[in-house]
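Notes to accompany the following structure.
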Amino acid sequence: MSLPEYKQAFLKDCVEAGALKFGTFTLKSKRISPYFFNAGLFHRADLLRSISSAYAHTLASHSNSDPSFQFDVLFGPAYKGIPLAAAAVDKLADLDISKFGKKSYSFNRKEAKDHGEGGNIVGASLKGQKIVIVDDVITAGTAIREAIDIIKREGGELVGIIVAFDRLEKTPSATDDDGQPRPSAIGEVRKQYGIPVLAILTLDDVVEYLRGLGSAEDLKRLDEYREKYRASD
Ligand code: OMP
């Protein structure tokens with residue numbers, strides 16, 4: 001199998017934890033999917049360690065392949081992104097303390113605080129800093145655009161986004177089954193902001209993994225779904 005070791009380890013943990021499930025699932029978009037990725041299940045210590053290591057490896061490997069990719073802060077949008085960003089920055093320091101030891105995390109409050117230190121950012125200030133957003137899944141892109149607005153408002157510079165899973169699906173539309181190629185929400189964000197949107201895993205990785213395991217029925221259904229909804233970029 002050609003998947004890097006950290007991806008294989010993460011995939012195995014996803015399946016064991018039930019975070020990656022095969023079956024029949026109705027998505028937010030109303031598409032009927034043969035699989036579902038649920039990042040909410042990484043609350044157990046060993047699984048949090050697994051997902052945060054995988055975020056850290058993905059960021060580190062991107063920064064090795066593109067030395068111009070520099071960041072100061074991992075921003076975890078409330079609420080789901082908060083533990084992910086905090087745990088990922090800790091794992092980055094484990095990977096390379098000299099390179100990542102001074103990186104920070106921060107997150108937004110849903111409600112602005114009007115006493116004490118005030119404001120609605122907790123952790124590192126975003127002002128003048130290079131920011132990477134840490135999120136779980138982007139489907140329609142609604143949640144990620146809210147996070148981008150917060151960074152702009154706070155005077156930060158968005159330099160990248162990392163998600164746990166990229167479904168590689170074209171954006172949902174009223175004529176969903178028209179067979180027309182369309183980009184994904186991730187593809188649109190990449191183009192609009194000119195930044196990398198990294199993913200620990202993509203649907204292609206899962207197909208590759210299943211091929212290695214020889215689960216013919218799941219693989220066939222995933223292949224069909226991928227063909228039907230694949231994004232143009
Ligand atoms: P948006 O990008 O704002 O549409 O949000 C992504 C949402 O997709 C998540 O909050 C989940 O409810 C949902 N989702 C997953 O978490 N995992 C999947 O595999 C598929 C979906 C989905 O419904 O598309």
Side-chain angles (χ1 to χ4, degrees), residues 7 10-43 47-48 50-52 54-55 58 75-85 88 107-108 110 132-152 158 160-174 176-177 182-193 195-210 218-219 221-233:
K7 280 198 187 198
F10 180 56
L11 250 166
K12 194 167 154 278
D13 288 345
C14 284
V15 174
E16 266 173 32
L20 183 62
K21 278 210 162 86
F22 303 101
T24 301
F25 304 91
T26 303
L27 304 183
K28 218 165 138 182
S29 61
K30 302 282 180 279
R31 285 179 188 161
I32 308 296
S33 171
Y35 76 100
F36 194 83
F37 178 79
N38 181 359
L41 292 178
F42 289 91
H43 49 75
L47 298 174
L48 179 62
S50 168
I51 194 170
S52 53
Y55 278 120
T58 308
F75 179 75
Y79 295 99
K80 281 187 297 182
I82 298 173
L84 300 177
F107 59 90
N108 60 302
K110 290 264 189 184
V132 172
I133 298 174
V134 180
D135 213 344
D136 57 353
V137 182
I138 297 177
T139 304
T142 328
I144 204 76
R145 284 176 195 282
E146 281 173 24
I148 293 173
D149 285 347
I150 294 171
I151 289 164
K152 263 199 218 145
L158 180 67
I161 295 172
I162 181 165
V163 295
F165 201 93
D166 183 352
R167 296 183 52 98
L168 302 174
E169 276 178 45
K170 56 185 176 181
T171 42
S173 82
D176 213 24
D177 291 342
R182 276 193 306 279
S184 63
I186 284 186
E188 282 170 351
V189 167
R190 269 191 198 114
K191 206 153 126 197
Q192 184 177 349
Y193 297 95
I195 53 164
V197 182
L198 312 175
I200 303 171
L201 293 177
T202 69
L203 175 58
D204 287 343
D205 296 330
V206 175
V207 170
E208 176 88 27
Y209 179 75
L210 288 179
D218 287 337
L219 184 58
R221 296 179 71 220
L222 255 71
D223 258 338
E224 285 167 4
Y225 184 86
R226 183 167 62 157
E227 212 36 58
K228 187 167 176 187
Y229 292 115
R230 185 187 270 289
S232 55
D233 63 8

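Because only heavy atoms are used, hydrogens play no part in the values below, and waters and symmetry mates are left out as well, while side chains stay in. Every number for a ligand or one of its atoms is a count from 1 in the order of the listing. This one's a predicted model, so the numbers in the text were calculated from it and none came from an experiment.
Taking both residues in full, the closest heavy atoms of L41 and A17 are given as CD1-O, 3.8 Å, listed atom of the first, atom of the second, then distance. Shortest non-hydrogen contact noted between R167 and F36 is NH1-CA, 4.3 Å. Of all non-hydrogen atoms in A39 and D136, the two that sit nearest each other are CB-CB, 3.4 Å.
F165 and F37 have parallel rings, their planes meeting at less than 30° on a 0 to 90° scale where 60° marks the start of perpendicular.
Comparing heavy-atom distances from atom 12 (O) of ligand 1 across K21, K28, R145 singles out K28 as nearest.
For atom 8 (O) of ligand 1, the closest non-hydrogen atom of the protein is T139 OG1, 3.1 Å. Of all protein heavy atoms, the one closest to atom 16 (O) of ligand 1 is F37 O, 3.4 Å. Nearest protein heavy-atom neighbour of atom 15 (C) of ligand 1: F36 CZ, 3.3 Å.
Considering backbone and side-chain N/O of G141, one or more are found under 3.5 Å from N/O of ligand 1. For the pair A143 and ligand 1, the shortest N or O to N or O distance falls below 3.5 Å. In terms of N/O distances under 3.5 Å, ligand 1 is approached by R167. Inclusion of L27 in the set of residues having an N or O under 3.5 Å from an N or O of ligand 1 is not warranted.
Residue-ligand proximity: V137 is placed with a non-hydrogen atom under 4.0 Å from ligand 1.
Side chain of R221 to backbone of G23: a donor-acceptor contact under 3.5 angstrom is found. S184 places a side-chain N or O within donor-acceptor distance of the main-chain N or O of D233, the cut-off being under 3.5 Å. With hydrogens and angles disregarded, no donor-acceptor distance shorter than 3.5 Å links the side chain of R182 to the backbone of K170.
Per-atom contact check: atom 20 (C) of ligand 1 touches the protein, criterion being a heavy-atom distance below 4.0 Å.
Of the heavy atoms in R31, none comes closer than 4.0 Å to ligand 1. Contact annotation for K80 and ligand 1: only side-chain heavy atoms (C-beta onward) come within less than 4.0 Å of the ligand.
Y55 contributes atom OH, which lies 4.5 Å from atom CG of L84 (distance to the nearest 0.5 angstrom).
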